[in-house]
Structure formats: C-alpha cells, structure tokens
> 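One structure is given below, represented as structure tokens, and several questions about it will come after.
Residue numbers begin at 1 in each chain, while the letters A, B, ... track the order of the sequences.
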Amino acid sequence: MQSIDFYIQKACSVVAADDFAKQVIQWQQVHGRNNLPWQTENNPYHVLVSELMLQQTQVQTVIPYFNRWLERFPDVQSLADAPEDDVMQLWQGLGYYRRARNLHAAAMTVVEHYQGKIPENADQLREIPGVGPYTVGAIRAFAFDASAAIVDGNVKRLFARLFSLPFLVNKSSFDRYFWALAEHYTPQSNGRRFAQGLLDLGATICKPTQPQCGDCPFRLTCRSYQDNTVTDFPKRAEKKATPTRSGYFALDINDAGILLLKRGSDSVWPNLWCLPELEAAAQGTPDGHFKHTFSHYKLHATVWRQTLAPSQHYRRVALTDLDSVGLPAPIRTYLQQINT
DNA sequence: AAGCCGGGGCA
DNA sequence: TGCCCAGGCTT
C-alpha cells in the first residue's frame, strides 16, 4: 500500500480540491435533498437526533421516527428529563438500541455540561455519548455550517469510484486514507452544503447498485467511469459466514396478559422488554418457533408455555396493550400471531 | 484490529 | 438469500 500523500496526489490528478467542492456545492443546490425534516431549521438538537438515528439506517426509515421523536421530545431538556422506558419505546423498531440510550445520555450530558446547548467544538462533541468521528463532522457541518470533513459509507463509495481507490471499505484500517482525502477536499466555506452534497451524491447518483452515472456531475472526470469499472468499486473484503445460534424463550400467559422481563443493557435488544429467555431447551412440546437474522448471526428461537415463579422483575402486559411496550420486532410479531 | 449491535429495502 | 445503509463502542 502506498502512502497517504500518494493517494492525495492521485486524487488531485482527477480533480482539484477547489473544483470538486465548487461542483458538489452547485450540484447540491439544484439536485440535492433540501427539505428533509431535520433540515428545516438547522437546529443543532434536530441534527443530533437525526444523526444518531441515521447511523446505519436509511433516510426513508428514519423520517417517521424523527417526526414522532420531536413531538414527544421537542428539545434537549425534555429528552434529558424523560424516563428511559419512554425513550426505548419511541425507538422500538429502529434497531441498534444502544443508540437510543446514547441519545438519552447525550441529552443529559448537554444539559449538565453545556447549559442545554449543543457545542460546536469538535473535542467537546466527541465526548458526547454516541458521537464518533463521523457524527462530529456531521453536527459541525449541518448544525453550524462549519468547514468539517465527514466520512461515511456514501463518501467512501464516492471517493473509491471517483479515484479508483483500492481501499477495502469494510476494513477499518483504511479509514485514515478516506479521512485524509475528505479533509483535503473539504472547502473553507459552505461546509453545510458541501457535506450534504457528498451524502446526496452517494444516495441518489453514486448508489451501491445501479449508479446513475449519466446524471453525475463528475462523469467526465470519474476514473472508474472513464475506465468502465464503476461496479468494481468500492473494493470490499470477503465477509465471514454468519453462524446460527439457538434461543429458548418462556411464554407465561394468562387472562391478565403475558409475562415480560426487561433485558440487560449489554445484551442483544438491550433494555427492551422481552419474553424471559431460558438457559436451555425446556421439556415438552414447544408452543412455537421463530427465526430472526441479526447482522452477525442467525437466531433460531423456540418458545415454550410455562408458569414462572413470581418475581418483582417481571411485568405482565395485556395482549391488547403490547404497543405501549418497547419490544423487539420479532417478539412483537410472534405475540401478535398468538393474539389472532 | 476485530467483534458486537437491528431492521428495512432491494435486487 | 445477500448486501447495503448519514457508525460507535468495547475489548
């Protein structure tokens, strides 16, 4: 692998930094997304909420969650004051539940340390739970129009194709190369529109499949388009096969409802209410089965009807009242099927 | 550096 | 089915 400077030189031979920024900004103004719910006010709290929701989650999925969130938690203070169960319930179905706890903790941090105002300073932002390198840049650019680099999946794919880069996008060791390029190409002014333009290009033109190269403002300079190798980029390391695991759950149901147990904060489905999980398979005929695919393994679950010994940790919820609880999606689906 | 953490959309 | 997504945290 060559040095970082080598690849910056290579990139500059494709397009100079000021030309690139100018074209991204001009294209964004005409063709970009400028009416997303979190773009209407450039409100730092709205930006914070949207960025945590958008981590590994597509825009169209996030929009209804974002709107519901602002109705229930209109500002930093109201979120900081909210009970954790309310926070988890509103996040239910969005996945990566640690983000919900992070966002809740972020609001409390901002209230405690920054008088409820989200800071612009990168070092201070980086200390906020759930805010990593990407989100620091995103908040600085989108909330404050700062000159801040961002690197996400869109930016990696765009750069990899534009410059025919050999970097493996699913290997963290290549991240420093992408960040060096992103910082080289980030302009001193119009940081907000430039960052938005990168994301919009990645989401609507330089898409993972079926890239719309005919509509791309860089089609005349893009190295992989000129070489007719666009679909060869970005390069990716082979993924390991996902293992299958077995899960065992207890269904304690009576006229009053179903017994639920709150999961631990360090497990899958952290802090969500769920059927009590058993250490091993139970005796007798199962009540039913369900399967669920996580990002790193596949779960084959079996459910048995059991009467569990009383415990203060349990909570019994009526079948008709399941919507008021933060439940994992596959558990909710299973219980709804019982209901019919 | 590698593993962990969901769910939806789409070919 | 497999891949992708406005990644971050933990070990």
> Quick one, A:Tyr96 and A:Gln56 - any side-chain contact, counting heavy atoms below 4.5 Å?
yes

> Indicate yes or no: does A:Glu277 engage A:Arg263 in a salt bridge with an N to O separation below 4.0 Å.
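Yes, A:Glu277 and A:Arg263 are salt-bridged.
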
> Could A:Arg68 and A:Tyr65 be counted as a cation-pi pair, given that NZ or CZ must be under 6.0 Å from the ring centre and within 45° of the axis?
yes

> If you look at every strand shown and take non-hydrogen atoms under 4.0 Å, does A:Arg126 touch a base, only sugar-phosphate, or nothing?
sugar-phosphate

> Determine whether the side chains of A:Tyr334 and A:Asp287 contain a donor N or O and an acceptor N or O closer than 3.5 Å.
yes

> Report the distance from atom CG of A:Leu125 to atom C1' of C:dG7, rounded to the nearest whole Å.
16 Å

> Could you tell me whether A:Trp38 contacts a base, only the sugar-phosphate backbone, or nothing, with contacts defined as non-hydrogen atoms closer than 4.0 Å?
base

> Tell me whether the NZ or CZ atom of A:Lys235 lies within the 45° cone about the ring axis of A:Phe233 and under 6.0 Å from its centre.
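The answer is yes; both the distance and angle limits are met.
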
> Roughly how many Å is it from NZ in A:Lys298 to P in C:dC3, rounded to a whole number?
12 Å

> Hey, does A:Ile139 reach any base, or is it just sugar-phosphate, or nothing, if we go heavy atoms under 4.0 Å?
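Result for A:Ile139 = nothing.
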
> At under 4.0 Å between heavy atoms, what does A:Lys207 touch on the DNA or RNA strands: base, sugar-phosphate, or nothing?
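Touches nothing.
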
> Rounded to whole Å, how long is the line connecting atom CD of A:Gln60 with atom C1' of C:dA6?
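Between C1' of C:dA6 and CD of A:Gln60: 13 Å.
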
> Can you tell which of A:Tyr225, A:Phe20, A:Trp27 makes a ring pair (Phe, Tyr, Trp, His ring centres under 6.0 Å) with A:Phe218?
A:Phe20

> Under 30°, 30 to 60°, or over 60°: which ring-plane class applies to A:Tyr185 and A:Phe163, parallel, tilted or perpendicular?
parallel

> What string of B, S and - do you get for nucleotides 3-11 of chain B 5' to 3' if you count protein non-hydrogen atoms under 4.0 Å?
SSBBBB---

> Report the nucleotide, chosen from C:dC5, C:dG7, C:dC9, that has the shortest atom-to-atom distance to any side-chain atom of A:Pro208.
C:dC5

> Side chain of A:Ser172: nearest nucleotide among C:dA6, B:dA2, C:dC4?
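Selected nucleotide (nearest to the side chain): B:dA2.
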
> In terms of side-chain heavy atoms of A:Val59, which of C:dC4, C:dG8, C:dA6 is nearest?
C:dA6

> Between B:dA1 atom P and A:Asp175 atom CG, what is the distance in whole Å?
9 Å

> Starting from P on C:dA6, measure out to CE on A:Met53 and report it in whole angstrom.
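Whole-Å distance recorded here is 16 Å.
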
> Nearest whole Å is fine: how far is C:dG7 P from A:Leu48 CG?
15 Å

> Find the distance A:Asn170:CG to C:dC5:P and express it as a whole number of Å.
10 Å

